[in-house]
2 protein chains.
Amino acid sequence: MAERVTLKDVAARAGVSYQTVSKVINGNGNVTAETEAQIWRAIEELGYRVNVAARNLRTNASGLIGYTWAPSPPDRGNPILDQFLTSVVTAAEAHGYHLMLFPHPPAIEEVDVYRQLMRSGRVDGFIVASTNYDDPRIRLLIDEAFPFVAFGRSNPEWDFPYVDVDGRAGIRLATEHLIEQGHRAIALLAWPGHSRVGADRAEGYRDAMAAAGLPVDPAWIHHSESAFQSGYAAVQQLLNLPADCRPTAAVALDDTLAIGAIRAALDAGLRVGADFGVTGFDDAPGAQYLSPPLTTLRQPIQQVAERLTEMLVDSIHGRTPSPKQVILPPRLIVRASSVRVGRED
Amino acid sequence: MAERVTLKDVAARAGVSYQTVSKVINGNGNVTAETEAQIWRAIEELGYRVNVAARNLRTNASGLIGYTWAPSPPDRGNPILDQFLTSVVTAAEAHGYHLMLFPHPPAIEEVDVYRQLMRSGRVDGFIVASTNYDDPRIRLLIDEAFPFVAFGRSNPEWDFPYVDVDGRAGIRLATEHLIEQGHRAIALLAWPGHSRVGADRAEGYRDAMAAAGLPVDPAWIHHSESAFQSGYAAVQQLLNLPADCRPTAAVALDDTLAIGAIRAALDAGLRVGADFGVTGFDDAPGAQYLSPPLTTLRQPIQQVAERLTEMLVDSIHGRTPSPKQVILPPRLIVRASSVRVGRED
DNA sequence: CGATTGAAGGCGAACGTTCGCCCGAACGTT
DNA sequence: AACGTTCGGGCGAACGTTCGCCTTCAATCG
């Protein structure tokens, strides 16, 4: 257990007052180049590091950004958590911040946990993910005027800083791509319930179909949990439709559904790509190694993370981030699952 | 921006000194049930939360556990980071700690970053992952007597607390399983270089082969980067061996290699499972949805995380964790990629 | 040549806790 | 009746910073 080196120790060695050392470290204060050099030397020699607890107390800040995320079911990891966290942590450090994780609270205690973290001064700001309509966390943070940035949108009438990926444009791209491949009857594997993200992505499908003048048969739209089994079951049903309204392709709102869809099509004896097109969303690791490799949408996670961090740091420092809202486009990654090679139509 | 509520405010309302309030909150101090109730009421009414910066300064602790991890290449996510972090964060909170992430430092600055974090008092302890022989981080932390727990082993002569998964036993299980399926010529898809984990796992393969009295042809052992392409290339080469020494199965040290191996076998016209057995390691999300589903080893991540956290908290509080070293067995998950159905041999 | 200015750095105070020690009252013991 | 003990709670101090203001001294100016 090493002895703690404080400002006073450094000051004694450099022959100045300890407050002057503080000034040098923080870049304020007028000091000759000579004394400054002496101070830095003393710091070096003693291996001094500022005591963050003391600094935090004095400056009333913590240097921490709070983040939590909904744990995914064990059979289905969060495909982008790794990348996301890496990017956020790196970007945060560049601004002198660190990321503090806290457990995902049950919905009932949700706002309480946020309130406690802010009241106790444990974090300077939040990154709020998995947003939804009427999100109570966002409501709270707006009301308390506490710094935060959301990864995802919420109620349009609420004015708060967020970064989001344009799921609607993404799914539109995927749908257009399938149309281009000659598909006319295209199914949609969507999510259940009233999810902000799900609704947004689904719009992209309708956009593309409408723009191409293609009718949408209600039987083509499946709402189900994001799970392999759901995707599988959905496509099984779709393939049982009468031939005149049987879809030849499916746009899935996420990769997991898409993988189930592929398997169902293969099991039905279809060649995925040539006979039945499938697209996903997320570009989960391994999507490229499926057979056939999955066409999907890749989110610009690193950019998202960087923007989120910059905007949050601005908010923490009392600056309004500009722009206050950012929407980034995903990129369509075309692989074999959606491509008809040498088709005749 | 809400006014900060301090101990003094609570004390004034409850009609006691602020130090008494502190005592009540921390569970020390002798107070009548009556005054205690009054104090708690005042806390409730004012919505008081302790100021962690002040507490940290006084107690010389931060309530934070530091963690970093090597970011995985974009095409291959960390299959277990999500689960691991969820488990650690939850376990830590149960002990009053939070997890602080910091960017993975380049090897050159590695120990410096750890040193700074400890000197500045930003964290009370570390969880050190991806350990290796002669790991400089472990050396540093032992030397400085700073609390930490490793996820993984290092030099056997170093005595420090760790939790590890028994990769050797795991790979042995996988190999034995393949032998049981009738395989005699079994290849090993191993990692390059001098990796602690890689060496350990590879031992399990030799164990099983030796125990079954099976010879190991050096041509069966491939060392390469953990990547789809490596697994693919390795199996291509293996299948080109003369028939009398051509392996009929492969044990891979991780799922990524295994997936490459499966594809190579399929592309060579073999039925994976029946003609050519493959096993992986990690049970990556999606491994069960491959075709064929992948036989693999699942690490008891949640247990690992819980043990790590308990042990670290013990260390932080100056208690020697007991046991000081924990090795947990992985579980073999048998799926179709390694099973010969109705084979005749 | 005295007054003014600006740079260099010292100094006191405060941030909100926790910790150890003290004190008075009440009680029981010899 | 004098004494020790325990209980309930007060009080001063300290943790290591940062911040604003003050002092000193030399250089500049009218």
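Every chain is numbered from 1 and lettered A, B, ... according to where its sequence line falls, protein lines coming before strand lines. What's counted below: heavy atoms across the whole structure, side chains too, no hydrogens, waters or symmetry copies. What you see is a predicted model, and the numbers here were worked out from it, not measured in a lab.
To the nearest 0.5 Å, atom OG of residue B/Ser130 and atom NE2 of residue B/His104 are 6.5 Å apart.
With respect to the salt-bridge test (charged N to carboxylate O, under 4.0 angstrom), the residues A/Asp143 and A/Arg139 qualify.
Using a 4.0 Å heavy-atom criterion, one finds that B/Asn26 contacts the sugar-phosphate atoms exclusively.
Remark: A/Tyr97 pairs with A/His317 by the side-chain hydrogen bond (donor to acceptor under 3.5 Å, both in side chains) rule, at least two apart or across chains.
Atom CG of A/Leu7 and atom P of D/dC19 are 12 Å apart (whole Å). A straight line from CG of A/Asn60 to P of D/dT18 spans 14 Å, rounded to a whole angstrom. Regarding A/Lys8, its NZ atom lies at a distance of 14 Å from the C1' atom of C/dG10, rounded to whole Å. What separates CZ of A/Arg119 from P of C/dG16 is a distance of 15 Å, to the nearest Å.
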All N/O pairs under 3.5 Å across the protein-nucleotides 7-11 of chain D interface:
residue: D/dG9; atom: OP1; partner: B/Thr32; partner atom: OG1; Å: 3.3
residue: D/dG9; atom: OP2; partner: B/Thr32; partner atom: N; Å: 2.8
residue: D/dG9; atom: OP2; partner: B/Thr32; partner atom: OG1; Å: 3.1
residue: D/dG9; atom: OP2; partner: B/Thr35; partner atom: OG1; Å: 2.9
residue: D/dG10; atom: OP2; partner: B/Ser17; partner atom: N; Å: 2.9
residue: D/dG10; atom: OP2; partner: B/Ser17; partner atom: OG; Å: 3.0
residue: D/dG10; atom: OP2; partner: B/Thr20; partner atom: OG1; Å: 2.6
residue: D/dG10; atom: O6; partner: B/Lys23; partner atom: NZ; Å: 2.3

Q: For DNA chain C, just give me the dot-bracket, please: Watson-Crick or G-U, both distances below 3.5 Å, ( ) intra-strand, [ ] crossing earlier pairs, | paired with another strand, . unpaired.
A: ||||||||||||||||||||||||||||||
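When side chains are defined from C-beta on, A/Leu64 counts as touching B/Leu64, because their heavy atoms get closer than 4.5 Å. Residues B/Tyr48 and B/Val21 have side chains not in contact (no heavy-atom distance under 4.5 Å, counting atoms from C-beta outward).
When ring centroids are compared, A/Phe148 and A/Tyr162 stay outside the 6.0 Å threshold. Taking the six-membered ring wherever Trp is involved, the centroid distance between the rings of B/Phe102 and B/Tyr114 falls below 6.0 Å.
Pairs engaging residues 9-32 of chain B under the salt bridge (charged side-chain N to carboxylate O under 4.0 Å, His left out) rule: B/Arg13-B/Glu45 [sequence neighbours left out]. Contacts classified as salt bridge (charged side-chain N to carboxylate O under 4.0 Å, His left out) and involving residues 148-164 of chain A (residues at least two apart or in different chains) are given here: A/Arg153-A/Asp164, A/Arg153-A/Asp200, A/Asp159-A/Lys324.
B/Gln38 and B/Glu34 share no donor-acceptor pair across their side chains, judged by distance under 3.5 Å alone.
Applying a 4.0 Å cut-off to non-hydrogen atoms, the residues of residues 45-59 of chain A that approach DNA chain C are A/Leu57, A/Arg58, listed by residue number.
The phosphate of D/dT18 (OP1 or OP2) has a side-chain N or O of A/Ser22 nearer than 4.0 angstrom.
Taking all atoms of both residues into account, the shortest heavy-atom contact from A/Leu81 to A/Asn78 is N-OD1, 3.3 Å.
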